[in-house]
2 protein chains.
Amino acid sequence: MTSHIHCQNCSMATLCLPYLLSPEQTEKLDTIIQRHRPLQKRDLLVNSGQKLSFLYAVRSGSLKSYTLDSQGGEQIIDFHLPGDVIGFDGLIDGQHRSYTQALETTMLCEIPIQSLDQLSAELPGLRKQLLRVMSGELHASKTLLGTLNHHSAQQRLANFLVTLSSRFKQRGLSSREFRLSMTRADIGNYLGLSVETVSRILTQLQQDGVVAVKSKLVEIRELERLRALTL
Amino acid sequence: MTSHIHCQNCSMATLCLPYLLSPEQTEKLDTIIQRHRPLQKRDLLVNSGQKLSFLYAVRSGSLKSYTLDSQGGEQIIDFHLPGDVIGFDGLIDGQHRSYTQALETTMLCEIPIQSLDQLSAELPGLRKQLLRVMSGELHASKTLLGTLNHHSAQQRLANFLVTLSSRFKQRGLSSREFRLSMTRADIGNYLGLSVETVSRILTQLQQDGVVAVKSKLVEIRELERLRALTL
DNA sequence: AAGCGTTATTGACTTAAATCAAGCATTAGT
DNA sequence: ACTAATGCTTGATTTAAGTCAATAACGCTT
């Protein structure tokens, strides 16, 4: 069936593993990739501790990854958007290191690690892109560390919005207006803030005319002012 | 000269890239690796923005990596011990993403990225270990995120000491007694705490008999109690 | 369209850690 | 060995953000 989804016609290809592969090479990659059944909101994609046999690439929708602390509380460590690849942090010992849950209806591709490794021996571009994607995640994670350690609640939230905005832009979506698929509590958890603080700062940013927030919908009215607030 | 340092006789080989390579394969890896000139305390290994042509493996000593914030302040994002490989976060665009500075006299190996990539096409074990090491770093970074976001100053510092202890153990050094090559200010910066808070908590842990601290020297007296304090 | 559970907002109060300030200790350099 | 500089500790005070509490607004499900 030609209507099936393929890397060759996937709009996220430039962010995902096919980046820099030739059409023929992309076709090769495509043969090892399967579509995963669609997830509904709250469905778990992977459990922490589960054997890691596949990486997952997000086609549409979004997810959050979290670990559990000693009292069973969530510690959100990532939000995944289309084009993101999930599972790299488990390659160290072949186990997923976190729970990953859909925030809305979500479509995914399933990439068998075994075949991916074999193919990467053959394709230098794929090898390079694998390292690039992991490196990017590592860099993002370390940058976030710096941000959280050294910035106020307002700076963290401004940074969160600016980062989301630019991620949407990369994905060909509007960077000015977007929907927060996660709750305020999720945002707070991710940024190390209480829900109340997130809420208060959002209303304050709105009063200052920097953003307009209507429930889950965010409009960035003055990107440059918002960016200035991250520093 | 046979007294030269080689991967084949390096005590850090099990943590570093040679892990899981056969003696012959390790020898191949060794041929592309150069020794770097020794660094003295405060010497910079790399500057942020500098072209990334080599990864660096720590042979002995230690370093810190940091970025600069908008006011020129350090944001420490990593401490590197022997066996660690430095530079992975720059593969995304071929630039180092942080400053890396020696905390004491430090010996390093220099690994040309170009040759490493070529060799990894040939050696599946090397490919795997590259991904493992990056994955481990990614996991550590995300775990730290969770720790900092959701834990008190005491929990953060206890976690820091426990983590350091287990890293020293992995390296065949004492996990009970070790030297902090970084200053209290560095620790605070890394954990998102003020120097004063770090100092106060260390004295408090000492009064409680969990650790004994004499300037830079730390003795962990009751590891299990310290571990309990991280939760 | 009504009603219930979840999610978000807002206000009053508390607290953990930052900041400010001063003195002490260790290290490095002449 | 002596001095300067850097690093560390301890105490007093302030403050940003957390907690507690109450209400309001969504958004499912029937």
Side-chain angles (χ1 to χ4, degrees), chain A residues 40-43 64 69 71 73-76 101-105 147-161 179-208 211-218 229, chain B residues 40-43 64 69 71 73-76 101-105 147-161 179-208 211-218 229:
Chain A
Q40 296 311 124
K41 190 171 176 175
R42 272 172 252 265
D43 285 350
K64 65 174 171 181
D69 64 24
Q71 287 99 63
E74 283 184 20
Q75 296 187 161
I76 299 176
Q101 185 179 36
L103 293 169
E104 60 192 310
T105 302
T147 301
L148 297 185
N149 265 347
H150 298 276
H151 294 82
S152 68
Q154 193 187 55
Q155 289 172 318
R156 294 183 202 191
L157 200 49
N159 180 75
F160 177 75
L161 292 174
R179 198 181 145 271
L180 300 171
S181 58
M182 67 294 290
T183 66
R184 305 282 195 272
D186 285 342
I187 297 173
N189 185 305
Y190 180 64
L191 298 177
L193 303 171
S194 67
V195 204
E196 294 93 328
T197 299
V198 171
S199 186
R200 275 189 255 270
I201 288 174
L202 281 178
T203 47
Q204 196 212 303
L205 289 177
Q206 169 139 342
Q207 279 165 1
D208 295 353
V211 300
V213 187
K214 183 80 196 302
S215 150
K216 302 238 152 202
L217 246 55
V218 174
L229 290 177
Chain B
Q40 297 309 127
K41 191 171 176 174
R42 272 173 253 264
D43 284 352
K64 66 175 171 181
D69 65 24
Q71 285 99 64
E74 283 185 19
Q75 297 186 159
I76 298 177
Q101 186 179 36
L103 294 169
E104 60 193 311
T105 302
T147 301
L148 297 185
N149 264 347
H150 298 275
H151 294 82
S152 67
Q154 194 187 53
Q155 289 173 317
R156 293 183 203 191
L157 198 49
N159 179 75
F160 178 74
L161 292 173
R179 197 180 147 273
L180 299 171
S181 59
M182 69 294 289
T183 67
R184 304 282 195 272
D186 285 341
I187 296 173
N189 186 304
Y190 179 64
L191 297 176
L193 303 172
S194 67
V195 206
E196 294 93 329
T197 298
V198 172
S199 185
R200 275 188 254 272
I201 289 174
L202 281 178
T203 47
Q204 195 212 303
L205 289 177
Q206 168 139 336
Q207 280 165 359
D208 295 353
V211 301
V213 187
K214 184 82 197 302
S215 153
K216 302 237 154 204
L217 245 56
V218 175
L229 290 177

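Within every chain, numbering begins at 1; the chains are lettered A, B, ... in the order of the sequence lines, protein sequences first and strands thereafter.
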ask   = So what does A:Leu193 touch, heavy atoms closer than 4.0 Å: a base, only the sugar-phosphate, or nothing?
value =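 It contacts sugar-phosphate atoms only.
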message = Applying a 4.0 Å non-hydrogen cut-off, can you work out what B:Thr183 is touching in the nucleic acid: base, sugar-phosphate, or nothing?
response =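 Sugar-phosphate, backbone atoms only, no base.
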Side chain proximity check, [X] to [Y], heavy atoms < 4.5 angstrom:
X	Y	result
A:Thr147	B:Gln75	no
B:Ile187	B:Leu180	yes
A:Asn159	A:His151	no

task = Nearest-nucleotide wise, let me know which of A:Ser199 and B:Gly192 is further upstream toward the 5' end of DNA chain C.
result =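 In this pair, the answer is A:Ser199.
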query = Toward the 5' end of DNA chain C, which comes first, A:Met182 or B:Val198, by nearest nucleotide?
reply =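 Going by which nucleotide is closer to the 5' end, it is A:Met182.
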For [N] and [X] - does any side-chain N or O of the residue sit under 4.0 Å from the phosphate oxygens OP1/OP2?
X	N	answer
A:Thr197	C:dT9	no
A:Arg184	C:dT9	yes
A:Lys214	D:dC26	no
B:Ser215	C:dA25	no

Calculate the interatomic distance between [X] atom [atom1] and [N] atom [atom2]; express it in whole Å.
X	N	atom1	atom2	value
B:Lys41	C:dT27	NZ	C1'	8 Å
B:His150	C:dA16	NE2	C1'	17 Å
B:Gln204	D:dT10	CD	C1'	14 Å
A:Asn189	D:dG18	CG	C1'	14 Å
B:Leu148	D:dA17	CG	P	16 Å
A:Glu196	D:dA16	CD	C1'	14 Å
A:Leu191	D:dA17	CG	C1'	14 Å
B:Arg156	C:dA18	CZ	C1'	12 Å

inquiry  = Could you report the tightest heavy-atom contact between A:Leu103 and A:Met182, atom names first, then the distance?
reply    =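 For A:Leu103 and A:Met182, the tightest heavy-atom pair comes out as CD1-CB, 4.1 Å.
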Side chain B:Arg42 and base C:dT27 donor-acceptor under 3.5 Å =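 For B:Arg42, whose side chain was compared with the base of C:dT27, there is no donor-acceptor pair (under 3.5 Å).
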query = When the nearest nucleotide of DNA chain D is assigned to B:Arg200 and to A:Gln154 on a heavy-atom basis, which residue is associated with the more 5' position?
reply =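 Whichever sits nearer the 5' end wins; that is B:Arg200.
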inquiry  = Within this structure, what is the CG-OG1 distance for the pair A:Leu191 and A:Thr197, rounded to the nearest 0.5 Å?
reply    =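 Going from CG on A:Leu191 over to OG1 on A:Thr197, the span is 11.0 Å.
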query = For the side chain of A:Ala153, counting heavy atoms from C-beta on, which of D:dT9, C:dC20, D:dA17 is nearest?
reply =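 Per side-chain heavy atoms of A:Ala153, the pick is D:dA17.
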